[in-house]
Each structure stands twice: as C-alpha cells, then as structure tokens.
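These notes are about the structure you will find just below.
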Amino acid sequence: MPAITLLDDGFGDIFDCPYGEQFDGAGNLWVSNRFNSDLVQFTPDQLNLGGVQFPETEIDSADFYQPEDIRFDSAGTRWIADIAENQVDAFTAATLASAQGTTSTIPPDIVNTSASLGGPSAIAFDKTGNQWVANCIDSTIVEFGASDLVSSGSPTPLVIISATAVNDPSGTSQSLYCPSGLAFDKHGNLWVSNYASDSGGSAKITMNDVIRMA
C-alpha cells in the first residue's frame, strides 16, 4: 500500500492521465497531464500531506496537445515530449521560476520540430548533455546535440536508431516497438522500455520489455 497518495478532486481538475513526473532541485514534484495538457507542481509540504492537493503551480500552453515524459537538463530547463503535437518543448529555469505559485499560460522558450520526431514519448540526457528522444509512433530513438537545442528549430539528429529483428523466448521480435521510456545507467548504456513488441508469425503479442542500447 502506498505511503502517500496524491488524488484528483474527482472532476479532473488536478490529474487527467498523469504521465511524466520529476523532482526539481527544491524537492518540488512536477507532473505532466497528458489529457489536461498541462504541467502541475506540488511542494514538499503538499507531498507529505497527500490526498487532494491543488497544485501550487500550473502551466499550460497553446503548444501542448498530449504532453508525456518530462525531464530537466543540467541547466534546469524543463523539457516536455508531446506525442500528439509531435514536438519537444522546453521552459528555461528562469521561466519556471517566474511561473512559480501561479496558474499561467506560457509559450515554450524552445520548440524542437525536427522532422525526425515521430510521436515523441520519452526523453533522456547523456553525460555530454546531448538529448535522446524515443519516438513511439516511428519506433525510433534519436539523439540531438546539446548545441542544437539552445533555440527553437528543426535540428538534424546526430544518431537515429531504428528497430531491428531480435530473438526472444517467443520467436523473433522488433527491438523497438513504441519505445516509451529511456534511462542511462552509470556506464553510459541507454536502457529502453517498449510499450509493446510484435513477435514474428503472430497477429500481435503485447509484451512489455526492456532492452539495453550500449
């Protein structure tokens, strides 16, 4: 049983498909609502209380459609993967600080509309500050150089990883099938969680899996 649970008010005013979450340096919890199309933030005191807590900060934007994963980079910039808008948005630390404690409609400081984005659903940063994005619809993973993400644009990725056939206990599957989670380990290996996998010779077998990209 969870020690602490944050609850919606029963009307979808707080949570509606909460998808991504991450803590900032002050211990505040940020959550992306996929269907509310907003970002909400809760203080440590609110987290300790649990239950129905209306967020201290709420940010929405005309650029949001279905925000999924959220991730801070080393500069404190908040990045959002929007699977339906097909772009990756960012708010700088200064913008987030100015919005603290308010309900605000704010345009992103940075918008990545690269043609290599195909349903972005997850974000991770490597040790060099480069950004990796998982594309659920395209079933690819793309890497963007840190220097290409300082302003809005359509950067060309440094790397594109596409699906390949791999052997598994049920036969043959694709290594990437709607990748929806990314994480680097301490050795710099990228781990990928697939939303589903399609085994060869079957109609469709859904099986959650995790793979490692060295």
Side-chain angles (χ1 to χ4, degrees), residues 14-26 28-42 55-126 128-138 140-160 178-184 195:
I14 302 173
F15 297 121
D16 193 352
C17 190
Y19 196 98
E21 61 182 16
Q22 192 181 19
F23 287 93
D24 62 22
N28 299 307
L29 176 65
W30 290 83
V31 180
S32 61
N33 280 308
R34 182 176 180 183
F35 296 143
N36 272 352
S37 298
D38 63 6
L39 300 177
V40 293
Q41 172 253 314
F42 303 91
E56 181 192 58
T57 304
E58 179 182 350
I59 298 174
D60 60 27
S61 174
D63 287 86
F64 290 167
Y65 192 179
Q66 290 186 14
E68 293 200 348
D69 194 25
I70 53 178
R71 195 68 55 199
F72 281 110
D73 65 17
S74 60
T77 297
R78 159 71 69 198
W79 293 86
I80 306 103
D82 196 308
I83 190 171
E85 195 67 20
N86 206 39
Q87 62 191 32
V88 178
D89 306 318
F91 295 96
T92 65
T95 298
L96 294 175
S98 65
Q100 192 84 17
T102 70
T103 297
S104 305
T105 300
I106 308 173
D109 296 298
I110 303 170
V111 179
N112 177 359
T113 57
S114 173
S116 65
L117 295 174
S121 58
I123 303 170
F125 289 91
D126 61 24
T128 68
N130 290 344
Q131 183 187 79
W132 295 75
V133 179
N135 289 311
C136 178
I137 295 173
D138 285 356
T140 60
I141 299 170
V142 294
E143 176 194 12
F144 296 104
S147 61
D148 292 327
L149 298 174
V150 296
S151 60
S152 296
S154 300
T156 300
L158 303 176
V159 172
I160 299 177
C178 187
S180 300
L182 298 175
F184 282 96
Y195 177 76

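Since we're looking at a predicted model, the values are computed, not measured. The first residue of the sequence shown is numbered 1, and numbering continues consecutively from there.
Using a distance-only test at 3.5 Å, with no hydrogens or angles considered, a donor-acceptor pair links the side chain of D126 to the main chain of T128. S180 places a side-chain N or O within 3.5 Å of a backbone atom of C178 that can act as its donor or acceptor partner. Between the side chain of N130 and the main chain of A146, a donor-acceptor pair closer than 3.5 Å is present. Side chain of N86 to backbone of L117: a donor-acceptor contact under 3.5 angstrom is found.
Scored by the side-chain hydrogen bond (donor to acceptor under 3.5 Å, both in side chains) test, S147 finds no partners at all (sequence neighbours excluded). Listed by chain and residue number, T140 satisfy the side-chain hydrogen bond (donor to acceptor under 3.5 Å, both in side chains) test with N135 (two or more places apart in sequence, or in another chain). With sequence neighbours excluded, the residues forming a ring-ring contact (aromatic ring centres under 6.0 Å, His included) with F42 are F15, listed by chain and number. Qualifying side-chain hydrogen bond (donor to acceptor under 3.5 Å, both in side chains) partners for N28, counting only residues two or more places apart in sequence or in other chains: D24, Q41.
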Between side-chain atoms of residues 148-158 and protein atoms elsewhere (two or more places apart, or another chain), which donor-acceptor pairs fall under 3.5 Å?
residue, atom, partner, partner atom, Å
S152, OG, V111, N, 2.9
S154, OG, T113, O, 3.4
S154, OG, T113, OG1, 2.8

Extract all donor-acceptor atom pairs below 3.5 Å that involve side chains of residues 77-85 and protein atoms in other chains or at least two apart in sequence.
residue, atom, partner, partner atom, Å
R78, NH1, Q22, OE1, 3.1
W79, NE1, D73, OD2, 3.0
D82, OD1, Q66, N, 3.0
D82, OD1, A84, N, 3.3
D82, OD1, E85, N, 2.8
D82, OD2, Y65, N, 2.7
D82, OD2, Q66, N, 3.3

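Going from atom CD1 of I70 over to atom CD1 of I123 covers 9.0 Å, rounded to the nearest 0.5 Å. From S121, atom OG reaches atom OH of Y195 across 11.0 Å, with rounding to the nearest 0.5 Å. Atoms CG and CG, on D89 and D63 in that order, are 5.5 Å from each other to the nearest 0.5 Å. From Y19, atom OH reaches atom CZ of F35 across 10.0 Å, with rounding to the nearest 0.5 Å. For the atom pair T105 OG1 and E58 CD, the distance stands at 8.0 Å (nearest 0.5 Å). To the nearest 0.5 angstrom, S116 atom OG is 11.0 Å from E143 atom CD.
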For side-chain contact (heavy atoms from CB on, under 4.5 Å), just list the numbers for F144 and V88, CA-CA rounded to whole Å, side-chain angles, deciding distance to a tenth of an Å, and then say yes or no. CA-CA 11 Å; F144 296 104; V88 178; 5.9 Å; no

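Side-chain polar atoms of S114 and N112 form no donor-acceptor pair below 3.5 angstrom. For the residue pair N33 and D16, no side-chain donor N or O sits within less than 3.5 Å of a side-chain acceptor on the partner.
In the displayed structure, E21 atom CD is contacted under 6.0 Å by at most 12 heavy atoms of other residues, nucleotides or ligands.
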